[in-house]
Amino acid sequence: MGGWLLGLLLLLLSGSSKPDFNITSLEQRIFERVNQERQKAKLKPLIPAPKLSEIARTHSTDMAKRHYIAHVNPEGLTPSDRARSAGFECHEMAGKYIYSGIAENIYQNNLYRRAVTTGAQIVYEWNTEDAIAASSVSGWMKSPGHRANILGTHYTRAGIGVAISSDQKVLITQDFC
């Protein structure tokens, strides 16, 4: 049997039903991978901040429901604006400087690696939670701005929020303080 045909057969057998994704577990995996990047750079790990996770999750949910991806929402609210409206203020001392407001990373991923169309049927090759976490953090680390946030020495706390849109996109927000 040809390699492509065997691959298609395996895809059809393994990709027929969408697996269950545990959002909390995915958020934790992403957080752990971010701290692994900080460890490689000999930085202290970020401390999980439940309020930042709530703010991040709310933004991811909004992006998933309204099908956009941006740091500034359609009403013009920035990450720091959204944090303030949720009752969260961030002021961090770094030497003689005070950093105010929150920094944010966003990322759009997919629940599936690829889709194969056979006639009118679409069969998906689903990602695992670990694959989504790995590719998302890898994407951030390839972006200078996102990388700078992850490796920022003045950030001590962070929160991750994940939402899945109706079209199988995974929207991820990470907020830093």
Side-chain angles (χ1 to χ4, degrees), residues 1-40 45-46 48-50 52-75 77 79 82 103-151 158-176:
M1 186 178 295
W4 71 269
L5 189 55
L6 179 60
L8 178 60
L9 180 60
L10 289 173
L11 176 65
L12 291 172
L13 292 174
S14 67
S16 58
S17 64
K18 178 179 158 189
D20 289 329
F21 285 89
N22 182 315
I23 298 293
T24 304
S25 172
L26 179 55
E27 290 170 347
Q28 182 62 37
R29 288 172 191 251
I30 294 168
F31 200 94
E32 288 167 359
R33 285 189 174 271
V34 165
N35 273 336
Q36 287 170 1
E37 293 297 334
R38 289 179 64 85
Q39 183 179 26
K40 286 184 212 173
L46 293 166
L52 282 174
S53 292
E54 179 186 314
I55 294 163
R57 197 172 299 112
T58 299
H59 187 55
S60 290
T61 300
D62 184 50
M63 290 189 296
K65 284 183 180 174
R66 298 201 286 172
H67 301 286
Y68 74 96
I69 182 159
H71 294 289
V72 178
N73 72 11
E75 289 74 36
L77 298 176
R82 293 190 310 272
E104 183 175 82
N105 285 349
I106 56 176
Y107 197 80
Q108 179 180 292
N109 212 320
N110 292 294
L111 287 181
Y112 58 89
R113 282 187 295 280
R114 67 180 176 155
V116 175
T117 305
T118 307
Q121 183 181 9
I122 301 174
V123 179
Y124 295 96
E125 183 178 326
W126 299 102
N127 278 315
T128 64
E129 288 175 12
D130 201 50
I132 292 169
S135 61
S136 298
V137 174
S138 174
W140 280 335
M141 292 305 288
K142 291 175 185 169
S143 162
H146 294 108
R147 180 184 182 87
N149 285 341
I150 289 172
L151 301 180
I160 302 275
V162 172
I164 299 173
S165 68
S166 59
D167 59 352
Q168 312 304 327
K169 301 228 182 314
V170 180
L171 286 301
I172 304 163
T173 303
Q174 179 177 36
D175 288 331
F176 299 85

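Starting from 1, each residue takes its place in the sequence as its number. Since the structure is predicted, the reported quantities are computational estimates derived from the model, not experimental observations.
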Handout entry: Separation between CD1 of I132 and OH of Y107, rounded to the nearest 0.5 Å
Key = 11.0 Å
Problem - Rounded distance (nearest 0.5 Å) linking atom CD1 of I106 with atom OG of S143 - result: 10.0 Å
Problem - Note, W140 side chain near E37 side chain (heavy atom, < 4.5 Å) - result: no
Handout entry: Nearest non-hydrogen partners of G161 and S60, listed with the distance
Key = O-OG, 2.7 Å
Exercise for the section: For residues F31 and A158, report the shortest heavy-atom separation together with the two atoms involved. Expected result: CE1-O, 3.4 Å
Problem - Any donor-acceptor N/O pair, D175 side chain to E104 backbone, under 3.5 Å - result: no
Exercise for the section: Please check if any side-chain donor atom of N73 sits under 3.5 Å from a side-chain acceptor atom of Y68, or the reverse. Expected result: no
Practice task
Kindly say whether I150 contributes a backbone atom to a donor-acceptor pair with the side chain of R38 at under 3.5 angstrom?
Solution key: yes
Problem - Non-hydrogen side-chain atoms of F21 and V170 separated by less than 4.5 Å - result: no
Problem - Value rounded to 0.5 Å, distance of CG in L26 from OG in S136 - result: 7.0 Å
Problem - Derivation of the side chain to side chain contact (heavy atoms under 4.5 Å, CB included) call for H59 and L171 - result: CA-CA 9 Å; H59 187 55; L171 286 301; over 6 Å; no
Handout entry: Check: S166 and H67 side chains under 4.5 Å, non-hydrogen atoms
Key = yes
Exercise for the section: Determine the minimum heavy-atom distance between G159 and S53, stating which atoms define it. Expected result: CA-OG, 3.2 Å
Problem - For the student: nearest non-hydrogen atoms of N149 and A103, plus distance - result: OD1-CB, 3.6 Å
Practice task
Report yes if the side chains of V116 and E125 come closer than 4.5 Å at any heavy-atom pair, otherwise no.
Solution key: no
Practice task
Measure up the W126 and Y112 rings against each other and bin them: parallel (under 30°), tilted (30 to 60°), perpendicular (over 60°).
Solution key: perpendicular
Exercise for the section: Could you check if a side-chain atom of Q174 sits within less than 4.5 angstrom of a side-chain atom of V34, using non-hydrogen atoms only? Expected result: yes
Practice task
Taking the side chain as every heavy atom from C-beta outward, state whether P79 and R82 have any atom pair closer than 4.5 Å.
Solution key: yes
Completion exercise
All heavy atoms of A131 vs all of N127, minimum pair found to be CB-OD1, 4.1 Å
Practice task
Test side chain to side chain contact (heavy atoms under 4.5 Å, CB included) on T58 and T173 and set out the steps.
Solution key: CA-CA 9 Å; T58 299; T173 303; over 6 Å; no
Problem - Q36, CD: over 12 other non-hydrogen atoms inside 6.0 angstrom - result: yes
Fill in the blank from the handout: To the nearest 0.5 Å, atom CD of Q108 lies from atom OG of S165 at 7.0 Å
Exercise for the section: Decide salt bridge (charged side-chain N to carboxylate O under 4.0 Å, His left out) for E32 and R29; before the verdict, give the C-alpha distance in whole Å, the side-chain angles of both, and the deciding distance to 0.1 Å. Expected result: CA-CA 5 Å; E32 288 167 359; R29 288 172 191 251; over 6 Å; no
Exercise for the section: Determine yes or no for a side-chain-to-main-chain donor-acceptor pair under 3.5 angstrom, with T118 supplying the side chain and Q121 the backbone. Expected result: no
Handout entry: Qualifying residues under side chain to side chain contact (heavy atoms under 4.5 Å, CB included), relative to I23, sequence neighbours excluded
Key = E27, V162, I164
Exercise for the section: Answer whether the closest heavy-atom distance between the side chains of N110 and Q168 falls below 4.5 Å. Expected result: no
Handout entry: Min side-chain heavy-atom separation I172-N105 under 4.5 Å
Key = no
Practice task
To the nearest 0.5 angstrom, please state how far the NE2 atom of H71 sits from the CD1 atom of I69.
Solution key: 8.0 Å
